[in-house]
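The next block holds one structure in the form of C-alpha cells; read it before the comments.
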Amino acid sequence: METGTIPIDELTGGLDLYRTLESGQSYLWQREDGEMYTETPAPGAWYSTVVGSDAVSGNSDAAAAGDVIRVRVRDGNLEWESTTDAEPAVRRLLRLDDDLEAIVAAGPDDSLLREAYEAHRGMRLVADPPFGCLISFICSAQMRVGRIHTMVSTLAREYGDKIEFDGETYHAFPTPKQLATATEAELRELGLGYRAPYVVRTAEMVATGEAHPAEAQNLEYEDAREYLTRFVGVGDKVADCVLLFALDFDEAVPLDTWLKSAIEEYYPDCDRGTYADTSRALRERLGGEYAGYSQTYIFHHLRTGA
DNA sequence: ATAAGGCCTAAGAG
DNA sequence: ACTCTTAGGCCTT
C-alpha cells in the first residue's frame, strides 16, 4: 500500500470533501459506511473509488487501470491510501489545484451566489472519468441523488472488475465493453427503468468505437455539447453535466429543475425560451469562464434547502 | 424548430 | 395504510 498526505491549508480555498463528493456531481465514489446521501459522514470517514481503464482521458497523471484510491480528511490533512502512487490522480479527481479563492472572487456579486459560496466553502468541482460520468448522468434523469448513486454502484458491482485491496473487495466502474454485454432486461431488473436501453445503447456506441465522450474535449463548448447529445439518453442537460464534471468545461451551466427555479426567482431576464439561449444568458450572468462553479454552488445550495 | 405525451420506480407528501 | 406527486429529462411523434 502506498500512502500520502496533502495539507489542506496549502490548497487555495480549502477543501470540503463531504460536499465535494456528496453534492450530486460524482456517483463514482463510495463512503466506507455505505450511507452516502442519507446521513452526514462521521469525522474522518474514508471515501474510495477505482480508477479504471477509462481513466481520465487527456490526463497522463491519472493512475493506471484498476487502482483503488481511498481518501479522508483528518487533522487538517487530506490523507490518501492506494495500490499505487495516487497523488496525481487525487489532485486531478478532486481538482485540488483549482484556485478556489480566485474562482469565488471572480463570480458575480449577487445575493444568491454569495450566500451559496459562503454556505459551502471548500466545495470543489470533480473531474470524473468521462465514460463513468456519461453513464451516471444518463441514469440521473428524473431521479434522486441517492438512487442515482445506488444505480451506478449496482452497475459497478454487476459488470465491473473486482479489485482486492487491504483485505476488501472494490468494484471498478465497468468498461464500455463490459457494460455493452448487459441487456435491457437485465438493467431493468436492476432498477434502471426506462434508462436501461439508453445505457446499453450508449455503452455499445463507445465499445464499438463509434463515438467516445472524451472526443468532445477537443471541441468548442457548444459544439462539444452538441457532440455528446448523439449518445442515447443524452440531451442538453446531461451533456452539460458531462462537460462540467468530466471534461473540464468550467463554463458549462447544466439547466436542471433547481437552476430553472433559480432563474425564475433570481435571474428572470435570463429566461430566453430555449435551452441554448437561456444557458448562454445565465453563463454570462454567472461569470462566464467559471460559470459552472457558480452553477454547482447554486444547485447544491437550493437542493439542500438552505 | 418547437410542443405534447409517455416513461420506470421508490421515497415523500397529503 | 393508500394514493398522488415528485425526482438534477429524454425520446418519439
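Heavy atoms only: backbone and side chains are in, while hydrogens, waters and symmetry mates are out. Labels below follow one simple rule: chain letters A, B, ... track the order of the sequence lines, proteins then strands, and each chain is numbered from 1. The structure presented is a predicted model; accordingly, all values stated were derived computationally and were not measured.
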Once you round it to whole Å, what is the distance between P of C:dG9 and CG of A:Asp240?
13 Å
Touch class at under 4.0 angstrom, heavy-atom based, for A:Ser261 against every strand present
nothing
I want to confirm an ordering. Mapping A:Arg144 and A:Ala141 to their closest nucleotides on DNA chain B, which one lands closer to the 5' end?
A:Ala141
Salt bridge check, A:Asp98 against A:Arg124: does any charged N sit closer than 4.0 Å to a carboxylate O?
no
Heavy-atom count around A:Glu164 CD within 6.0 Å, excluding the residue itself: above 12?
yes
Can you tell me the distance, in whole Å, between the CE atom of A:Met143 and the P atom of C:dG9?
10 Å
Taking A:Tyr221 for its side chain and A:Leu243 for its backbone only, find out whether a donor-acceptor pair lies under 3.5 Å.
no
Given the options A:Thr20, A:Thr49, A:Asp128, A:Ser26 meets side chain to side chain donor-acceptor pair (under 3.5 Å) only with A:Asp128
Determine the interatomic distance between P on C:dT5 and the same-named atom on B:dG5; round to the nearest Å.
16 Å
Give the first and the last nucleotide of DNA chain B, reading 5' to 3', that has any atom under 4.0 Å from a heavy atom of chain A.
B:dT2 to B:dA11
Can you give the dot-bracket line for DNA chain C, where a pair is Watson-Crick or G-U wobble with both atom distances under 3.5 Å, crossing pairs use [ ], and | marks a partner on another strand?
.||||||.|||||
Results of side-chain contact (heavy atoms from CB on, under 4.5 Å) for A:Glu158 - residues two or more places apart only
A:Thr154, A:Leu190
I'd like to know if the side chain of A:Tyr227 and the backbone of A:His212 have a donor-acceptor N/O pair within less than 3.5 Å.
yes
With no hydrogens and no angle check, is any side-chain donor or acceptor of A:Glu251 less than 3.5 Å from a backbone partner on A:Ala291?
no
Using a heavy-atom cut-off of 4.0 Å across all strands, would you classify A:Arg195 as base, sugar-phosphate, or nothing?
base
Would you mind telling me which residue lines up with the more 5' stretch of DNA chain C, A:Asp256 or A:Val234, judged by nearest nucleotide?
A:Asp256
State plainly whether the residues A:Arg70 and A:Glu79 are in salt-bridge range, i.e. N to O under 4.0 Å.
no
Starting at the 5' end of DNA chain C, which residue's closest nucleotide do you reach first, A:Cys241 or A:Tyr198?
A:Cys241
So A:Asn77 and A:Ile6, do their side chains get closer than 4.5 Å, heavy atoms only?
no
